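Just so it is clear: chains get the letters A, B, ... in the order the sequence lines come, proteins before strands, and each one is counted from 1. Values in this document were obtained by computation on a predicted structure and should not be read as measured data. All values below were derived from every heavy atom in this structure, side-chain atoms included, with hydrogens, water molecules and symmetry-related copies excluded.
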Amino acid sequence: MTRAVEPWLATPLARFVRDAGVRCALVLEPSGRVLAAHGFTKSVDVMSACALAAGIHATATELGRMAQDAPYGALHYRGAASQLFLSPLVAQGRVLVVLAVFDEDSSLGHVRVCFGDMVAAAGSAPVGAEASRPPLDADFERDLSRNLAVLFGRA
Amino acid sequence: MIAPLDAVLDPVARTRGVRAVVLAAEDDGVPVHAITQTDVDAETLTALGCRLYRSARLASERAGFGASSIMHVEAEGGQIVVARAGNRAGALVVIVLADSDANTGALRLVLSRAATAAAEAA
């Protein structure tokens, strides 16, 4: 089930999950604050995955700036049983991060093509007033907890 | 490595009605090398072609027919043909996008030759 704190992300993410055949996916801010999720049943898993994805994204961004004066784009890791795709998503004037995990039912090429469709859909999605203000460090923990509560039905 | 791969794919690309030919790894669905007309998105063709071929190969294997060597989709507006290069499952495939009036027999023949050459080059 796809759940989104910011409703404009729900349809693009749900389509991406369906079309690409990914097992689970997250949309988060580079700070690690979750905005949408699919395929997770525990909030603690979402929190951990967001923190790790934000760390990988930050590392790749800084390494890219050092190596080529620009952040690196999508990353792909291949494991024995599953693969991970992590990419920045620029939409509505914001840089977000998308994490997707897929297995042999899909492929990197297919995920990349479907992610391109998601970028286009997110870029043209109607954004309501909920679309977000920049997070303040002081609000981070409160916002993270609130977003997890929204995603897992405790808000 | 580009020149040998050009030599593998070029005879297919020169076949009448062919709009794109791609060598790809079936598992990844990502182009290894491609010769395409400008209006063809090689990444999309590869991703979808590999997915189609994989489904066909699995169906064939589970039906007890063995691995499929070639898959052919004919539609109103064109054809997609995918041939496996080599015997290993998940190995290289050659994908062709052609016009609907392209000669099917000629297409399969040049594609089979390209798949054999690609397997030898790999």
Side-chain angles (χ1 to χ4, degrees), chain A residues 11-25 38-39 56 60 64 68 70-91 98-124, chain B residues 5 9 19-62 67-68 71 73 78 80-86 88-97 118 122:
Chain A
T11 300
L13 179 62
R15 281 190 190 152
F16 170 65
V17 167
R18 181 196 65 198
D19 294 348
V22 302
R23 210 165 61 199
C24 52
H38 177 97
I56 296 169
Q68 59 172 22
Y72 284 124
L75 292 169
H76 170 241
Y77 294 101
R78 184 179 197 125
S82 66
Q83 301 179 54
L84 184 149
F85 175 83
L86 181 80
S87 178
L89 165 67
V90 180
V98 174
L99 169 77
V101 176
F102 58 99
D103 53 26
E104 62 180 12
D105 289 338
S106 190
S107 70
L108 174 61
H110 196 65
V111 169
R112 278 170 33 170
V113 167
C114 295
F115 181 71
D117 295 341
M118 181 185 177
V119 171
S124 61
Chain B
L5 294 181
L9 299 186
R19 297 176 57 206
V21 54
V22 181
L23 179 67
E26 184 206 317
D27 279 352
D28 287 344
V30 174
V32 174
H33 192 56
I35 302 175
T36 67
Q37 291 184 1
T38 51
D39 63 336
V40 177
D41 180 345
E43 293 222 349
T44 301
L45 172 65
T46 306
L48 298 178
C50 285
R51 194 169 173 88
L52 273 172
Y53 176 77
R54 183 179 180 80
S55 298
R57 179 176 62 75
L58 291 174
S60 176
E61 286 173 358
R62 285 173 192 174
S68 58
M71 185 208 72
V73 177
I80 298 172
V81 194
V82 185
R84 188 185 56 187
R88 189 173 60 82
L92 294 171
V93 292
V94 183
I95 305 164
V96 168
L97 179 71

A:Ser107 versus B:Gly29, closest heavy-atom pair with distance: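 Scanning both residues, the minimum pair turns out to be OG-CA, 4.0 Å.
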Got a donor-acceptor contact below 3.5 angstrom from the A:Arg78 side chain to the B:Asp28 backbone? no
For residues 38-47 of chain B, give me every residue with a non-hydrogen atom less than 4.5 Å from any non-hydrogen atom of chain A. B:Glu43, B:Thr44, B:Ala47
Can you give me every donor-acceptor pair (side chain of residues 11-19 of chain A, partner residue at least two apart or in another chain, under 3.5 Å) with its distance?
none

Please list, in residue-number order, every residue in residues 109-116 of chain A that has a heavy atom less than 4.5 Å from any heavy atom of chain B; write 'none' if there are none.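 When heavy atoms of chain B are the reference, residues 109-116 of chain A contributes A:Gly109, A:His110, A:Arg112, A:Val113 within the under-4.5 Å range.
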Anything under 3.5 Å between a donor and an acceptor, one on a side chain of residues 80-91 of chain A, the other on a protein residue two or more places apart or in another chain? List them.
{"residue": "A:Gln83", "atom": "OE1", "partner": "A:His76", "partner atom": "NE2", "Å": "2.7"}

